[in-house]
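Letters go in sequence order (proteins before strands), and every chain restarts at 1. Atoms considered below: every heavy atom in the structure, side chains included; atoms not considered: hydrogens, waters and symmetry mates.
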Amino acid sequence: MVMVQDKTDEIQQRMTILGELDIASFLPWIHRHAAKLGLGQTVAHADDARIELDLRGPEALIDMMEIGCLLGPIDVWVETIARAPCNAQFPNAKTTV
Amino acid sequence: MRSDTTGFWTPVALSADVLAGTVIPARVSAGIIALWRSQSGHVAASADRCPHRGMSLSHGFVRGEALSCIYHGWSYGQDGRCVRIPAHPGLTPPETIRVTTYAVRESDGIVWVAEGTPASDPPSLAGWIPLRTLTVEADREAIETAAGASASADGLLETTRADERLCLLLSPSQQVRTGMQTVTHVLVADGCLPPVRIAASRSAERLRRMAETAAEKGRLP
Amino acid sequence: MTDDTASAQAMTDEWYPVGLISQLDKTGRQTALMGEPIVVAHDADGQALVTGHNGRRLPVKLRYGHVWSSLGTPKKDIFAIPEADQPGRRFVDVGVVRVRCSPLRAVENFLDIAHFPFVHTDVLGAEPHTEVLNYTAEIRPDVDEVWATEVKFYQPQASKSASGGITTEYMYRVPAPTCSVLYKTCPPRPTEWDVITLFVQPLAEDLCDVWPWMALFDDETAMTDLIHFQQMIFLQDRSILENQVPRLLPLDPGMEIPTRADLTSIAYRRWLKRHNYTYGAQLVAR
């Protein structure tokens with residue numbers, strides 16, 4: 001388990017990834033990348049069109065997770081990534097790059 | 001070098017060649033590493049690759065107790081942890097963002113870097129002190145043949161030529177782009193006078209020429 | 001997506017810079033495009049001529065001070081830079097710099113600003129002004145180009161025509177796999193953009209010739225000073241480009257840690273991936 005330096009700037013967000021997601025390769029990739037960033041992570045949902053991740057950590061690091069996931073492994077094509085505070089019903093504005 | 005399965009020490013540089021506040025490239029069997037000394041004098045060794053975007057860390061700079069990458073200034077402590085990401089000054093980097101480090105020891109004026117987990121401390125140089133480092137474009141065998149002597153398990157090679165004793169400390173040979181290469185440290189007796197030091201230096205250079213010539217001949221069709 | 005034939009073809013049918021119009025002569029410049037030796041010269045009638053393997057004639061165009069060619073059959077014209085047609089602009093052929101790196105890495109470095117305080121110290125940036133504020137980057141579907149806008153960075157000496165420190169605004173654009181256009185604040189004419197381009201000629205997957213070019217509003221600075229300034233900047237970038245691992249541009253950032261400051265670079269890699277522009281790219285994280 002990873003210890004975050006300052007718990008007060010830790011937030012919890014749900015990241016929704018849409019696209020042509022080969023979860024066999026993307027999920028291990030996501031796990032490694034989130035661990036590298038020291039984020040708490042839970043996969044709430046995963047299929048080859050949509051992955052829902054619950055992430056916990058400083059917002060700037062969740063930002064970095066989003067940036068990395070926009071590319072992901074070579075056989076994955078990410079169309080959009082949306083983020084919302086955890087337990088929210090609807091995601092905020094989508095990010096496309 | 002040794003057939004020690006738990007690890008071994010490689011003599012990578014002279015302590016005197018790693019100035020406080022500087023970083024230099026050094027070579028271990030895994031490849032190039034960034035060898036650096038903090039402002040307060042502590043030496044450290046890290047992988048030569050910044051985890052941000054792969055820039056060589058041995059091209060970076062040392063400021064205080066951290067090594068910074070020259071590309072975007074990401075800074076790492078002696079334990080390898082990232083301590084600063086300049087593009088995002090408000091972020092405290094998590095301890096998981098780090099560069100791989102190697103254990104380092106300084107003894108008898110030599111900086112030793114561990115590969116694997118050595119069973120003991122680096123060998124003592126038994127009264128010899130380091131003078132300078134030479135890079136020989138040949139493998140250990142060529143150096144031993146030129147010297148007419150074998151190196152010990154610790155890499156020490158002593159030879160006498162025209163009443164002059166020469167002692168070399170050999171690193172494991174490495175495969176580089178141009179062939180085999182052996183980083184070699186020239187040692188002299190503690191307290192010896194300048195003429196002896198000069199003679200040792202010249203002797204070592206002569207040995208290098210002989211080893212490299214033999215290696216070159218071995219390469220020709 | 002990883003089919004070798006498809007990827008080889010994707011970058012074959014594109015335009016690449018191969019020389020300067022001002023240096024065309026009868027003898028010709030021996031160079032290469034993606035491993036194929038080519039010769040860039042002018043023929044007996046003075047027309048630009050590019051010949052490839054076995055003397056086959058390759059397509060030729062003259063644009064933005066440079067000779068352009070292709071190993072295949074480009075379906076589109078060379079991208080437009082409308083600012084280049086504005087009266088009063090000075091055009092600067094900076095001249096070629098050879099770099100031992102992937103042509104895609106050369107473009108990616110050009111898109112990056114977080115390195116300004118460290119690589120172009122006291123010129124394009126300086127500590128402690130290292131923060132990169134959020135900006136926008138996207139693949140514009142109408143033109144199918146990468147665009148980054150609202151990019152801002154504080155600079156002590158942004159260009160030869162700037163008299164002191166200013167917050168420079170930028171826009172970045174990638175209209176072709178090995179070309180980038182940057183638009184930056186123009187001190188003498190604050191409502192206009194200065195245009196600086198990087199046209200990269202891919203010689204091999206890990207070797208390229210870089211041709212910077214500019215279209216500026218600057219009536220004061222001598223041409224040689226404009227050229228030297230841009231060359232100095234680029235030579236500083238070259239020392240980075242030749243010491244990055246892996247040599248090819250990774251399209252999987254699994255061994256890297258991109259941040260929000262790297263958004264344009266990620267957009268560029270994403271665009272390359274979608275188009276299968278993989279000459280000079282590393283597909284698996286290494």
Side-chain angles (χ1 to χ4, degrees), chain B residues 21-28 30-36 46-64 66-77 80-100 176-178, chain C residues 100-102 104-105 108-109 111-121 124-135 151-154 236-266 268-269 282 285-286:
Chain B
T22 69
V23 55
I24 60 169
R27 197 173 265 283
V28 296
I32 301 279
I33 57 167
L35 184 66
W36 59 286
S46 77
D48 192 28
R49 174 178 180 163
C50 182
H52 176 212
R53 291 224 313 238
M55 178 60 188
S56 159
L57 281 176
S58 61
H59 281 77
F61 58 95
V62 175
R63 191 182 285 161
L67 171 66
S68 298
C69 180
I70 192 61
Y71 201 177
H72 305 94
W74 287 38
S75 307
Y76 303 90
R81 285 182 56 165
C82 179
V83 295
R84 187 173 81 114
I85 296 176
H88 305 284
L91 171 66
T92 304
E95 58 92 16
T96 45
I97 297 182
R98 49 173 63 238
V99 62
T100 308
V176 297
R177 207 168 38 90
T178 45
Chain C
R100 290 168 44 81
C101 75
S102 158
L104 309 181
R105 276 226 185 264
E108 187 191 54
N109 170 264
L111 301 172
D112 178 79
I113 61 170
H115 71 278
F116 287 174
F118 302 98
V119 180
H120 309 300
T121 311
L124 298 186
E127 294 180 89
H129 311 283
T130 58
E131 183 168 15
V132 176
L133 299 170
N134 283 359
Y135 58 88
V151 184
K152 291 177 274 295
F153 210 76
Y154 179 78
Q236 291 170 337
D237 285 317
R238 182 168 72 173
S239 66
I240 298 292
L241 289 169
E242 296 192 336
N243 290 288
Q244 258 183 304
V245 166
R247 195 161 276 189
L248 304 184
L249 181 74
L251 291 190
D252 172 347
M255 292 283 290
E256 298 171 302
I257 307 177
T259 75
R260 194 160 279 282
D262 301 315
L263 194 60
T264 314
S265 146
I266 294 300
Y268 172 55
R269 295 188 192 186
Q282 178 83 36
R286 191 174 68 81

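The list of side-chain hydrogen bond (donor to acceptor under 3.5 Å, both in side chains) pairs with a residue in residues 244-253 of chain C, not counting sequence neighbours, reads A/W29-C/D252.
Heavy atoms only, all atoms of each residue included: B/W74 and C/I257 are closest at CH2-O, 3.6 Å.
Chain B forms more heavy-atom pairs under 4.5 Å with one residue of C/I240, C/T121, C/V119 than with any other, namely C/I240.
The aromatic rings of C/H115 and B/H72 sit perpendicular, their planes meeting at an angle over 60°, well past the 30° parallel limit.
The closest side-chain donor-acceptor pair between B/H59 and C/S239, if any, does not fall under 3.5 angstrom. For B/Y71 and C/N243, the side-chain atoms include no donor-acceptor pair closer than 3.5 Å.
Only the side chain of C/E127 comes within contact range of chain B, with heavy atoms under 4.5 Å apart. Neither the backbone nor the side chain of C/D237 comes within contact range of chain B, judged by heavy atoms closer than 4.5 Å. Both the backbone and the side chain of B/R53 come within less than 4.5 Å of a heavy atom in chain C.
Within the 4.5 Å cutoff, no side-chain heavy atoms of B/S68 are placed close to those of C/F118.
The distance from the CD atom of C/E256 to the NE2 atom of B/H52 is 8.0 Å, given to the nearest 0.5 Å.
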